[in-house]
Amino acid sequence: MKSIKQILNSSEYNKQISVNGWVRTKRMSKNVAFITLNDGSTINNIQIVVDADKIDFAILDKIHTGAALKITGELIKSQGKNQNVEISASKIHIYGEANPDEYPLQPKKHSLEFLREIAHLRFRTNLFGAITRIRHAMIFAVHDYFNKNGFYNIHTPIITGSDAEGAGEMFRVTTLPPKDAPVTEDGNTDFSKDFFGKETNLTVSGQLEAELAALALSKVYTFGPTFRAENSNTSRHLAEFWMIEPEIAFADINDDMNLAEGLLKYCVKYALDNCNDDLQFLTKRLINEEKNKPQNERSELNLIEKLEFILKNNFERLTYTEAIDILKNSKQNKKKKFKFPINEWGADLQSEHERYLVEKHFKKPVILTDYPKEIKAFYMKQNDDGKTVRAMDILFPGIGEIVGGSQREENYDKLYSRIKELNIPEKDMWWYLETRKFGTVPHAGFGLGFERLMLFVTGMTNIRDVIPFPRTPKNSEF
RNA sequence: UCCUCUUUAGCUCAGUUGGUUAGAGCACCUGACUGUUAAUCAGGGUGUCCCAGGUUCAAGUCCUGGAAGAGGAGCCA
């Protein structure tokens, strides 16, 4: 059976065809009724024409928004204005009814908050259909980009026995009973009795394992779920999210930046080339949303224009030190408009500073490099100045940090002393250190939050709306 | 975790200074209508006013505590 997407593009008129789908709306008059059907293959619907002289209208009493139907009939050119083709039904089969007293979706605008509460049904809306199709396209584009560039995908472990990544609070994985768990002599939980014989957690990053593979296969990437037990209540954080983490050997931070910029542009181009209908829909949606805003708060570019803008412009690259200078000398800072004024080198940049650089100063994506080592992770390559590390963060308009990466410290002694300085347990890191002992090589990598990429491509503003079933503090429904 | 705001019908929301029977649009039901486009027109009333206390003759409205949601911040991707 053909999908609605295929039927809408076909011109096989006056032939019997069948189509499956769910009812979006039903419109009735005395002698003719119209059913708008969607099967998720495209954002576009097919109109079913029901003539009273061909179909017993009694069946229409059972058909409401949400019902699943099989329609058999003829594909004809439409007399109406909003569609080229439609199906004149000769037979209607109801797979499943949707009781209108109970079915929560109506042919009207629902709030995103309400749709989150019915995440099992929100796929059936135009908006979540579009987002879901784009999400698929972006997953495919990521793999496509790496595959075309000679990368190997590796699966890094979901359950990890090391807690050295330091990327955030972890979720414990255990089979010990919640009550009366075995206890050691000093009163702590005795993890030697646990399934793995030690304390284990869900991974917060596949980076360290990806590095191991890169130091043999040269170019690798992971694309898997990541878990952070941070009590983050924002529109940009999830407790369970998907992360893309490439690692490249024989490479420095510039190769790393080129790779990241190349990947982001490839994904954006892929969306523009392959998701046109859905992007058109999202673009119109955002324009409608902004009609309620005063003129000066509306965005200069619409969604599709924003995506095209990314392709046409190089990301602005500058060091943390240069960024501090710009911020320090900005009118914003001098007029004390920043909540956190920039006074001295070494401070971590706040969201307001990142937004200023991206949205006000450069008005395009920015890559910041060479951060103070104190505010960055232990594995980042130390610069000769003794103060900074070869880190790079990509900041996107409206989203903030979308990529965080670095050249890795490949020198055993420097890495070892940093681990000691930060009191990271050596017993957890022996395998990581060994790669610097045997055939070490300059290498680099980054992490790209997949849902943050989705935010940018879809123009959505809440990360809970670009993943089917968001996991956030106090919410693990579905 | 912190700050701010919100919570009234299935959904989106209004509800004045504390006052009598709790309001609208949409959805739904009934009817009308020769092809509609979130159809239109006429009629029909949905309710634990988030929860628990308190003030008061009287609380949807005021106070205290709690919960959930949203926006912002921190943490980060």
Side-chain angles (χ1 to χ4, degrees), chain A residues 23-36 44-53 61 64-66 76-83 86 88 98-118 121 125-126 165-169 204-207 223 225-245 260 339-340 348-355 375-377 393-396 399-405 446-456 461-465 467 472-475 477:
Chain A
V23 175
R24 282 295 166 78
T25 59
K26 178 183 73 170
R27 293 179 291 279
M28 286 180 66
S29 58
K30 198 174 181 183
N31 300 315
V32 65
F34 300 91
I35 296 170
T36 303
N44 300 308
N45 305 316
I46 192 148
Q47 174 160 285
I48 310 300
V49 184
V50 185
D51 271 306
D53 49 0
D61 291 343
H64 299 93
T65 298
I76 56 174
K77 283 195 175 170
S78 179
Q79 298 172 31
K81 284 177 184 167
N82 293 12
Q83 59 277 322
E86 61 194 17
S88 174
N99 181 349
D101 290 336
E102 294 170 34
Y103 188 66
L105 288 173
Q106 304 163 20
K108 66 167 240 177
K109 199 183 149 186
H110 287 97
S111 68
L112 296 171
E113 290 87 347
F114 174 65
L115 292 173
R116 272 172 224 147
E117 290 169 11
I118 52 164
L121 297 172
T125 62
N126 285 330
E165 283 93 343
E169 290 295 312
V204 294
S205 162
Q207 179 200 314
F223 184 179
T226 343
F227 308 88
R228 308 244 170 121
E230 300 287 347
N231 192 7
S232 295
N233 294 288
T234 82
S235 52
R236 299 183 307 283
H237 291 87
L238 291 164
E240 176 183 292
F241 65 101
W242 290 72
M243 192 152 62
I244 298 144
E245 295 175 285
K339 201 173 164 199
F340 298 91
D348 209 348
L349 297 180
Q350 308 291 319
S351 292
E352 56 177 348
H353 307 133
E354 295 180 353
R355 265 211 304 279
I375 59 174
K376 288 291 176 185
D393 285 359
I394 302 185
L395 311 177
F396 256 44
I399 293 164
E401 189 178 340
I402 191 168
V403 164
F446 63 82
L448 165 62
F450 182 64
E451 282 76 17
R452 293 202 179 160
L453 173 64
M454 282 296 298
L455 284 180
F456 184 74
T461 52
N462 193 315
I463 203 160
R464 300 171 185 107
D465 297 327
I467 186 168
T472 51
K474 301 267 156 56
N475 180 20
E477 195 66 37

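In what follows, every chain begins at residue 1, and chains take the letters A, B, ... in the order their sequences are listed.
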Atom-to-atom span, [atom1] of [X] to [atom2] of [N] - whole angstrom:
X        : N     : atom1 : atom2 : answer
A:Glu352 : B:G72 : CD    : C1'   : 11 Å
A:Glu451 : B:A77 : CD    : P     : 14 Å
A:Ile46  : B:U36 : CD1   : C1'   : 16 Å
A:Ile399 : B:G72 : CD1   : P     : 13 Å
A:Asp393 : B:A77 : CG    : C1'   : 10 Å
A:Leu121 : B:G10 : CG    : P     : 17 Å
A:Glu401 : B:G74 : CD    : P     : 12 Å
A:Leu238 : B:A77 : CG    : P     : 14 Å

So what does [X] hit on the nucleic acid, given a heavy-atom distance under 4.0 Å: a base, only sugar-phosphate, or nothing?
X        : answer
A:Phe34  : base
A:Glu113 : sugar-phosphate
A:Gln47  : base
A:Gly80  : base
A:Gln83  : base
A:Glu86  : base
A:His237 : base
A:Arg116 : sugar-phosphate
A:Lys474 : sugar-phosphate
A:Thr25  : sugar-phosphate

Got a sec, which residues hit ring-ring contact (aromatic ring centres under 6.0 Å, His included) with [X], two or more places apart in sequence or on another chain?
X        : value
A:Phe450 : A:Phe223
A:Phe241 : none
A:Phe396 : A:Phe315, A:Phe456
A:Phe114 : A:His110

Ignoring hydrogens and angles, tell me if any N or O in the side chain of [X] forms a donor-acceptor pair with the backbone of [Y] under 3.5 Å.
X        : Y        : answer
A:Arg24  : A:Pro107 : no
A:Asn475 : A:Glu477 : yes
A:Glu86  : A:Ser78  : no
A:His353 : A:Phe340 : yes
A:Glu245 : A:Gly447 : no

> More 5' along RNA chain B: A:Ile375 or A:Ser78, using each one's nearest nucleotide?
Replying inline: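 Checking each residue's closest nucleotide, the 5'-ward one belongs to A:Ser78.
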> Which residue, A:Thr472 or A:Asn233, contacts RNA chain B at a nucleotide closer to its 5' end, judged by nearest heavy atom?
Replying inline: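 Taking each residue's closest nucleotide, the earlier one in sequence belongs to A:Asn233.
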With sequence neighbours left out, what residues match [X] under side-chain hydrogen bond (donor to acceptor under 3.5 Å, both in side chains)?
X        : result
A:Asn99  : A:Glu102
A:Asn231 : A:Asn233
A:Arg236 : none
A:Glu354 : none

> Do we see A:Phe450 stacking on the base of B:A77, given a limit of 5.5 Å between centres and 30° between planes?
Replying inline: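 No, A:Phe450 does not stack on the base of B:A77, since the centre distance and plane angle fail the 5.5 Å and 30° test.
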> Given the P atoms of B:U6 and B:C63, what is the spacing between them in whole Å?
Replying inline: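 Comparing P positions in B:U6 and B:C63 gives a spacing of 12 Å.
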> Expressed as a whole number of Å, how far does the P atom of B:U46 sit from that of B:C41?
Replying inline: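 Straight-line distance between the two P atoms is 24 Å.
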Is any side-chain nitrogen or oxygen of [X] closer than 4.0 Å to OP1 or OP2 of [N]?
X        : N     : result
A:Arg24  : B:U36 : no
A:Ser351 : B:G74 : yes
A:Ser235 : B:G72 : yes
A:Gln350 : B:G74 : yes
A:Arg464 : B:A70 : yes
A:Arg236 : B:A73 : yes

Would you tabulate the nitrogen or oxygen pairs shorter than 3.5 Å linking the protein to nucleotides 23-33 of chain B?
from  : atom 1 : to       : atom 2 : distance (Å)
B:G25 : N2     : A:Lys108 : NZ     : 3.2
B:A27 : O4'    : A:Gln106 : OE1    : 3.2
B:C28 : O2'    : A:Asp101 : OD1    : 3.3
B:C29 : OP1    : A:His64  : NE2    : 2.8

Interface polar pairs with nucleotides 44-48 of chain B, N/O, under 3.5 angstrom:
none

> Quick one: side-chain contact (heavy atoms from CB on, under 4.5 Å) partners of A:Thr125, sequence neighbours excluded?
Replying inline: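 Expected list: A:Leu105, A:Leu115, A:Leu127, A:Phe128.
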> Using Watson-Crick and G-U wobble pairs whose two distances are both under 3.5 Å, how do you write the pairing of RNA chain B as dot-bracket, with | for links to another strand?
Replying inline: (((((((..((((.....[...)))).(((((.......))))).....(((((..]....))))))))))))....
> Within the modelled atom types, does a donor on one side and an acceptor on the other bring the side chain of A:Ser232 and the base of B:C75 under 3.5 Å apart?
Replying inline: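 Counting by modelled atom types and ignoring angles, a donor-acceptor contact under 3.5 Å is found here.
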